[in-house]
Each structure stands twice: as structure tokens, then as C-alpha cells.
Amino acid sequence: MSNPRPATIVMLNEIAFYLTAALVLIFAIAAMTLPRLVHCAVCAAGAFASLALIYLELDAEFVAFAQLLVYVGAIAILIVFAILLTNLQEADPQVRRASRSWVVGVAVAAILLAALGLPIITTPLLQRAAPAATAAPVRDIGEKLMTTYVLPLEMIGVLLTSALLGAVVIAMREEPEVKTKVTRPTTPALERQEELTPR
Amino acid sequence: MLGRGIIRGLIETGRNFCGSYHDKERLTTVQYPEEKLAPQENARTIPFLVYDGNDPVAGLRCTACTICEQECPPQCISIVKDTVKKPDYLGKMQLHPKVFDIDITVCMSCGICAEVCPFDSIKMDQVFELAQGKRSMILHKNNLAKSNTYFGEIHPTEAAAVNEARAEEVRKAEAKKAAQAAPVSA
Amino acid sequence: MIATPEIQTARTRGIANHELLEVSMGPHHPSTHGVFRMNVLLDGEVIVKLTPVFGYLHRNHEKIAEKNSYLSAIPYTDRLDYICSMTNNWAYVLSVEKLAGIAVPERAEYIRVITAELTRLFNHACLAGFLLQDMGALGTPLMYAFREREKILDLFESLTGSRMMCNYLRFGGCRCDLPDGWLKQAAGVLAAFSPFLDQFEALLDENEILHARSEGVGVLPRELAINAGVTGPGLRASGVNYDVRKVDHYGIYDRFPFRVPLGEHGDVLDRYMVRILEMRESIKILDQALREIAPGPIIDPKAKLRNLRPKAGEAYGRIEGPKGELGFYLISDGGPTPYRFRVRPPSLINLTVLEDMCIGHSISDVVIILGSVDIVLGEVDR
Amino acid sequence: MNALDQIFVTIQHWLAGLAPAAVQPLVSMLLIIGGLMGVFGGCFALTTIIERKTLGRMQNRFGPNRVGPFGLLQPMADGLKMLTKEDIVPFSADHILHFLAPVALTVPVWLAFSVLPFGRNMYAIDLDCGILFFFAIGSTSELAIFLAGWSSQNKYSLVGAMRAIAQMISYEVPLVLASVPVLIAASSLSLPAIVHAQSGFALGWVPRWNVFTPWGIAGFALFMIAASAESNRCPFDLPEGESELIAGYLTEYSGFKYALFFLGEYLGLFAVTGLGVTLFLGGWQAPATWLEWIPSWGWFALKFGALIFLFIWVRATLPRLRLNQLLNFAWKFLVPLAVVNLVVAVAWWQSSVWQFPGALEVRWLLGTVLLAVPYVWLGRAWNDVESAPRHYRYAE
């Protein structure tokens, strides 16, 4: 692929990684803390996009563009639709707090960090060197998807279609009378007309 | 077939697109300031007063009979009669307007004044570029007066008929005067 | 959402009590054909309630006419329905002739039929153009309709002096005779009109989008149309055979064998197609009239132009205008000015059923239904 | 490879050579970006005037011809007017999002041009999954339109934004499905590879473009319909349906933000048209060998212009669809047809092994029949509104 990297370029990559990682964190934190919901949604979309940037730095183009397509293109819109349809303007502050003191909060956070962090550090997978990037990554992904990982692919397909059908059924049952054309309620003129026409 | 109507519509606009380059019928825009369409002969915009000869004050045909003032639907004509009488084209002594104003902003160019005027003294003009800086557009007697030759240019057939009728009356008046004078002398 | 009275009434009539959106379309709205406002109550995109609001163009037409003499009321009738001034003149002049008992010579009757049918031609063409403009066809049908309208307006300008404000008909006939060469020019314009109609039909009649947008939209049932007093192409599109030209036999319409097209469903597509077919009939009438017109007097010599004082009484003259039955109801007390001057505006009366046609449709349909009703605000507000 | 064909590439290399070695890749990238933005910015200005003049000519009138010779300076006049117009932001609007919306719409669209091959080895970057990048960028515009609609706090713009999102999401599916057969034919996602797959001539004179196959014609038609919906062009310009919603999500925008929205919309149109040319019309390939003297980027420009004219032509003719018809048309007509087209395409390649004489004609016949039957059946099913042909009786 590209020629062996001189030191300056490696150093530049480090800085670039730290920058995008910081970007992701900032967007994620903003998504959690901003008062107005729509701003949170936009920051979430920003976090997804900067995540795609990180994938690009790792030369995983397919994953980056798939991330961009799926997350920014679809899931961000999903969040936004949810906000629109439920019409929540402000995040309501009266959510009951589990406990007053922040010590409990820090403790819970530490436990969670440990539970997530330890397996990542200890697994042998990371020790192996990253596999050499091949000439046509997309072709390889395609072949692997169709050969070794074909079962998970089909399972996900079935899962997604069932989710889709479920959503349609729920949407259908929720407001049948609005979706179909409003059955013609009586209008003033029609009412007048009933009296006019002799029985 | 689903797309048939749409394709027929597209062909129609396509024909108009190509046609606009060679067929006069399919490009009908008149570029106003550069190309000006000659106004139709009967076109009417705002009224004007006709005067004979070349002196706008003396030759003014209007005899201040105020019929047009009464009949004008939006009442935009205002006339003040002059006291002294002057002979008109038949020699009869007629009054003349001291003040004859038309408020152009009120006038709706309906042409009723020209229609009901018994002396053919007020006719409809064809000028339409009336935009001005001033707010009030009241045209006075001197702005309104235009020569009979100008009337002949803009409404040729109507002017010819009016001139011919007036000449006829002048001849009838001469003949009557001659007849009165003749028996006396005979 | 503060529950305004409309929302209460909408809710009491068992309509889904979702968040109702109150939208005011107009008076400054790109597709209300003039200053006309609709207060639309929306549930999502479905119309729940629609209250038309008009009166923005009220110019006190009838009180002015009661102050002026009979003659000077004529130029005001041009401004009623400012697209078809010739038919407005004719309706007014017809009622005055009934009031004062004035006869009309042969040639004047022919001229009146010719000018009325020419007006109907370009009014229906413009209606089709505006309707398609509302549907989204960016002005193409409208420009074609306006191209033909210009030719007819040139005819009117050479005949009466003004393109739109003709002020041409008088009691007992017309103001001035046809300039020579006018008839040949009119025949030329008419010959170009039927190819224009074919062009229009090629552009639109089989257009799937037009059919999809207008079939079953804004249905006006027969009984409601009759009870609401709707007249003109809107009524005939609902299948009711009522054309004042055939009912009243005014003027010399008996001499022209023309047919009256009727629709079935009374939706927007029928109202559009009935007008296209009416244009074809008008072309036949005009062909025959232009051939049969004979030289002769154009005004009844006995008819008085100024200070006409008809004997006390009342008269109601009506004609089949392009928009419907246009009538003038005059009461005279023997004086030079009418005691009562009342106009029957077809646009306003056709507009009263707008709500019944729109309920249950979406916003984009309301615009088309309003377009198909063909209103001109000058006539609605008078 | 005559000099004229590679003129831009040589200029770029020569200019990049002037810069010091360390900075050279950066300078050459900047040159490409500058070139692309210059060309397509100018193309935007030109298209606004060409569109208005062509629409005018189709409506029997001149287009704008007062500013400059034949009205060619009209875009400058529009741009100046947009710059000097006061930029009004409604008081209750969400200022940050109101400002962010046009930016979020226009910036990603510029990225989409980096993937398109405009001429023989004239492409900004040859991404291995170029078309996936293109569709990923295309899908971000919905978010920007929602921001515009939501932040204007105006009933009309909210309804317009809802319509726009529903339309763009439901037309992205047929757009992608219509281009899948082309990817299979070229067996690669990178656009220059797709163009190379369409080089060469079958039967001696027919260029091997994708459009000259049964599934290619159907795919091209589906692609163009979905593309016109994706860029809110005529039969689908519902979001800013002027006659109903004043200007949809653009209602509360004025001044240069309004111009930015239009720039975003037109660039989206150019990107999708460029993709259409690359996928179906053989990118910069010349249709015949003796026409090779026109440079490759010239051929791309010609095909590009033809498709833009087609869009303008459709805009002059067709009225607008209603929202439910629009969505029904996408899900009940375009998506099934795209799937059928995929099946036909695969059948076309499987049957390429038939050797008996007249195999090509039989395959063509089979392909067209397999596509025509669902088209007619779905077509009739689609306008199922009582479309019994209307007959109008005459009284007496």
C-alpha cells in the first residue's frame, strides 16, 4: 500500500487520531447534556460521523462509509423523527435521582469501566499484529460475507425484516382512522341539506 | 401503459422548444422598450381636448356644456365656465371653459365623455406612458389641448368622419345664411 | 394548543383529537387567485375544517351604481369579473333592456354572441392554465393559454379600444360597429384555436399525474350542488343539465345548435374536462356566427343613451357567463339612477360549497379544488 | 492518449511540480479541489440561467436576456442580489440550527464530486468503494433539510421538511437498487473500474455501455426517476411546492442562506447526474472509435448536459404528485421493478453462455418481456383510482 511511513507521518497520524477521538467524546458528552433535544440529536449525528472519521484513519473505508450511511443517514433521522412525533421540547429535569451523593455515582462508573475495560485488555486477540491490508479490501469483505459469515448475514436479514414488519403492524394499529381518509363527517351544508330534503 | 400520457406531454413541450427557434407563432414575446407594438386604431387611454387651427386657446372646440362632467362615472372632470362668449366654427356665440381639469389618477379611461360630447371636443388619446414623479396628476386645459391634426393621426377613420360632418354643417349654415341674404337682396 | 372554538366544534364531531394545526392560507398566498383567505384546520395533512374569508377586494360596486346613471354603471361592470368584461356588460345591458323594454337589432345580437363566446374561450383556457399551475406544472399550460388569450384580446382592443375593460355594449346594441377586416381577423384567430386545444389535450389529457391528482378529489354531489345554487361548469360537471343559454333562450342562442357537456363524478377532473369540451362547443357557435353575421344597424335608434329613465318596476336579466349564471336585479323608481342594483355573482355562490368539497383531503388538494371552482375575487367581493 | 485528452492532468502535475517536494501532495489535492469547485460552481451559475431560458423557450417566451449578452450575466446579478439581501432570522427560530442547516446541506454535497471520474484518469480519488461513499454522502442531506424545517419554527416549513424526509428516504432505496446491477456487471464498487468495464464495442459498432442492455435501459429509467426525486426535481418537487406550502422548508430563509440551499440542491442534482452518466452511459467513453477526437472529459460534459436538459424538459411539462401518491409510487412501483430488474440482469449474465445462433436476439426478447410484464401489471395496479375511462354525455 503506501510506502513505509517516515516518522513525521506516523506522528501526524497520532495527532489526527487524538483529535478525532476528542471530537467523538465532545459530541457524545454534548449529546447527553444539552437541554434542547434537537441539539442532542444533532450532536449524536456528529458523534457518529466523527466515529466514521476514526475508521477512515484506520484505512477501513468500507466500515467508515457503511457507518456514515447507516448511522448518520438513517439512525439520526430515526432519533429526530422520534423527537418530532412525541413533540418533547425540553428534557424534563424532574427525573428522580437514585441517590444524592456523587460518590455513589463515581463508584458505579468505576465498576462499569472495569467491567468493560478488563476483557478488552486481557483478550489475546489484540496481541496479534493487524493483518496486512490487501489490495481490494471490498472484494475480500464481499467474499468473506458470502462464504464464512453467510449465516450471520442471513440471520441479520431475517431479524431486520421482522423488525420492519413489527413496526408496520404497530404503526397500523395505533391510528387506523387517521391514516385512511377521514370518513366524511357531516358538514354544516350537508346537515342543512338533510333538513331541506323532505322525509 | 403507464408513461404514455407523460411522454406525449414531453413531445409537446419539445415541439414548442424547437419551434421557438424558427416558428414566429411559438415565440410571441414583444421586447417592450426596444420593439413597440403599434396601438390598435380604436385604442383609448386618457381623454384630450381637440382644438382647430393652430392656436390651442382660441381654436378650442369645447363649449363648457358640462355634459361630460355629469356623465363621467368616477366624476374626475371639473369645468369652470368662462363669462365672455366667443363665436364657434358655425359663427354661433358659445361659452368656453376657463378651467378644464381631468384628474388622470381617477380617470378609468372608459371613453364615456368622448361618447356623450355633442361638440366632438373631447376624444380618447393613445398615450400610455404616464408615469411621473409628482403625486397628483391633474391635467389642466393647456396640457389637455391637442390639435385636430394629431386627432387625425391617432384615430384616422373617426377623425375623417368628424371633420366631414363638421364641414357638412358649415356648408348647411352657409347655404342657410345665403338663402336668408338672397331673398332680401332679390 | 389552546382549544379555539373551531377545535371544539371539530372535536365534538368525533374527529380524531390529535394535535390540530391551525393554518391560515392567504390572503397573501401564491395560489388563492387573488386576495382570498382560508382558515384551514389540519390534522396532520388531512383537512378537518375550512372557513373561507373574503371581502378584501370589496369596492362598494352596488352602492356606486345606485348613485350613478344607468349609462355610467356600464364601465363598472367591466371590473366585476375582470377576465370576462364582455359577458358582464351583456348581463347588465340585458337586464336594463328588460327594465326599459328596448329592442336589439339583428347585427348587435350577433356581435354580442361572438364577443361572449370569445370571452368564454379564453376564460376556460386560462382556468385550465391556472389549475395546472396550482398542480405544479410550472406555467407551461398557462403560457400557452395566455398566448391564445392575447390574440383574442387584440381583437377586443381593435373593436372596443381596451383589452380587458371593454365597456362596449350599450342599451339596445353596441357602442360602435366592427372595424373592417375585424371579421376576417376573428376567423383567423378562431382557426388557430382548435389546434391550440389539440396541443392542450396532447399536453394534459392523458397525463397520468393530472389524472392521479384530480380523480376523486373535491367531489361535489348532485343534490348539494343544486341546493347550494352552484351554476356553470361546476354544476354540469356533477351531471346536472342546466345551461342558461338553453334554459332562457336569451339573445339568439336558439339559432346555434350547440351541445352541453355533462360530467358524472363532479370531481376536479370532470370540472376540467367539461370546460375543455365547452370550448369545443363555443368554437362551433363562433364558426356559425362569424359566417352568418349580416350588415345592418348596430343600435336601436329609439334607445336613449343619456338620462335614461325607465318606468318604475324591476327586472332580472341573467346570462350563462363562463363562471356560471351571472344575473343583474334592477329596481327602478322612474328616476335617472337605479333604486336597487344587485349582482348575482356566480363565483361567490360556487365558493360556498368549498368546505364540503375539501374536508378529508390534504393541503395540496385544497389548492386544486379552489382552482377548479374558478373564482375571480372581483366578482366574489364586488 | 492525445494531449488534448490529458490536458488537465498535465496542467495539474506541472503546477504541483512547482511546489516544494514535501508539500506537493497537499498542493495537488488543493488544485483538484479548486478545479472541481470552480467547474461545478460555474456550472451551477450556468445551469440557473440555462434552466430559465430553456423553460422560457418551452413556454413560447425568451428567458432572462436583459443582464449581459443573452442574459449570461444573470447569475452574477442573482448572486449579487442574494448577497445584498437582508438575512432575516425569525425571532423564535433556533439560531444555531437555522444557521447550521444550509451549511450541513452544502458541504457534504461537494464531497460527492471527489469520487466521480470526469475523464480518462481524471478523478479526484479512486476509492475502492466509491459508490458506497457516494450514497453515504447523499444520505446526509435529509438531516440538513430536517434542521432547516425544524429550526424555522414555522408551520409550513415543518410540513415541508416532513414531506422532504419521507420522500428522500423512500427514493433512496430504488436509487441504490437500480445501480446494483451495474456494480455486479463491473464486479467492483470503484467508479473508474465501472467505466472501464463499459469500454469496448459489441458487434463491432455498439458501445458496450450498460444502457444498451434490457436491464440497463430499465435500470437507467429507474435511476433517473429516483434521482429526480432525490434532488427534489419536478414531478417530485413537493417539499417546496410553491403553490401549497409557499416554499416548504425554505420559507424562513432569505439572503445568502437561501442561495446556499439552491447551491446545495443543484450540486446534488449534478452529483446524481454525474453518477448516472458514469453508471449507465459509459462515463467518459466515446460512442464510436471515429469520434475519439473529442476528448474524454468532453464526452462526459456532453452526456451530463443532455441529462440536465432532460431534467429541465421534465420540469417544464409535468405537474406535481401528491404526498401519498409519491410514496406509493416509490414503494409499490419503483422498488418491485428494481428487484425484477436485478433478477433480469442476473438472468442476462447467466444466459451469456448460450452459443446457438440468434442467442442475442432471444436474450433481448426474454429480457424485455420479463421487464415489460411487471411494468404493465404494476402500472395498472398503481393508478387504481377509479380510472375507468371518463365518457362525457351531452344533454339532448
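Here is how names work: the chains are called A, B, and so on, in the same order as the sequence lines, proteins then strands, and each is numbered from 1. No hydrogens, no waters, no symmetry mates; every other heavy atom, side chains included, goes into these values.
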Value rounded to 0.5 Å, distance of CD in B:Glu12 from OG1 in C:Thr140: 11.0 Å

Chain C shares the most heavy-atom pairs under 4.5 Å, among B:Ile6, B:Thr157, B:Leu10, B:Asn16, with B:Asn16

Please state whether the side chain, the backbone, both or neither of B:Pro74 comes within less than 4.5 Å of a heavy atom of chain C. both

Most chain C-contacting option - heavy-atom pairs closer than 4.5 Å, from B:Gln70, B:Gln126, B:Glu71: B:Glu71

Once you round to the nearest 0.5 Å, how far does CZ of C:Arg147 lie from OG1 of B:Thr29? 11.5 Å

With chain C, which of B:Met124, B:Glu41, B:Glu25 has the greatest number of heavy-atom pairs at distances under 4.5 Å? B:Glu25

Please classify the contact of C:Arg163 with chain B as side chain, backbone, both or neither, using a heavy-atom distance under 4.5 Å. neither

Supply the atom-to-atom distance B:Ser109 OG to C:Met165 CE, rounded to the nearest 0.5 angstrom. 9.0 Å

Look at C:Ser69, C:Gly161, C:Ala73, C:Cys176 and state which one has the largest set of heavy-atom pairs under 4.5 Å with chain B. C:Gly161

Quick one, C:Leu159 with B:Gln40, criterion side-chain contact (heavy atoms from CB on, under 4.5 Å). Give me CA distance, side-chain angles, the key distance, then yes/no. CA-CA 9 Å; C:Leu159 174 64; B:Gln40 307 274 0; over 6 Å; no

Output, in order, the C-alpha distance, side-chain angles, deciding distance and verdict of side-chain contact (heavy atoms from CB on, under 4.5 Å) for C:Glu157 and B:Asn42. CA-CA 7 Å; C:Glu157 185 174 15; B:Asn42 280 348; over 6 Å; no

Got a donor-acceptor contact below 3.5 angstrom from the B:Arg44 side chain to the C:Thr160 backbone? yes

Going from CD1 on B:Ile112 to CG on C:Asn167, what distance comes out if it is rounded to the nearest 0.5 angstrom? 5.0 Å

Is any side-chain heavy atom of C:Arg79 less than 4.5 Å from a side-chain heavy atom of B:Met108? yes

Within residues 182-193 of chain C, which residues come under 4.5 Å of chain B, heavy atom to heavy atom? none

Nearest 0.5 Å, please: how far is CG in C:Leu203 from CD1 in B:Ile11? 11.5 Å

Under a 4.5 Å cutoff for heavy-atom pairs, which residue among C:Leu210, C:Asp154, C:Asn207 has the most contacts with chain B? C:Asp154

May I ask you to check whether over 12 heavy atoms, not counting those of C:Asp180, lie within 6.0 Å of atom CG? no

NZ (B:Lys86) with more than 12 external heavy atoms under 6.0 Å: yes

Any salt bridge linking C:Arg170 with B:Glu115? Criterion: basic side-chain nitrogen under 4.0 Å from a carboxylate oxygen. yes

CZ (B:Phe128) with more than 12 external heavy atoms under 6.0 Å: yes

Part of C:Leu305 lying under 4.5 Å from any heavy atom of chain B: side chain

Residue part contacting chain C, namely of B:Thr13, when any heavy atom lies under 4.5 Å: both

Step through the shown structure and confirm whether more than 12 heavy atoms of other residues, nucleotides or ligands are within 6.0 Å of CG on C:Asn60. yes

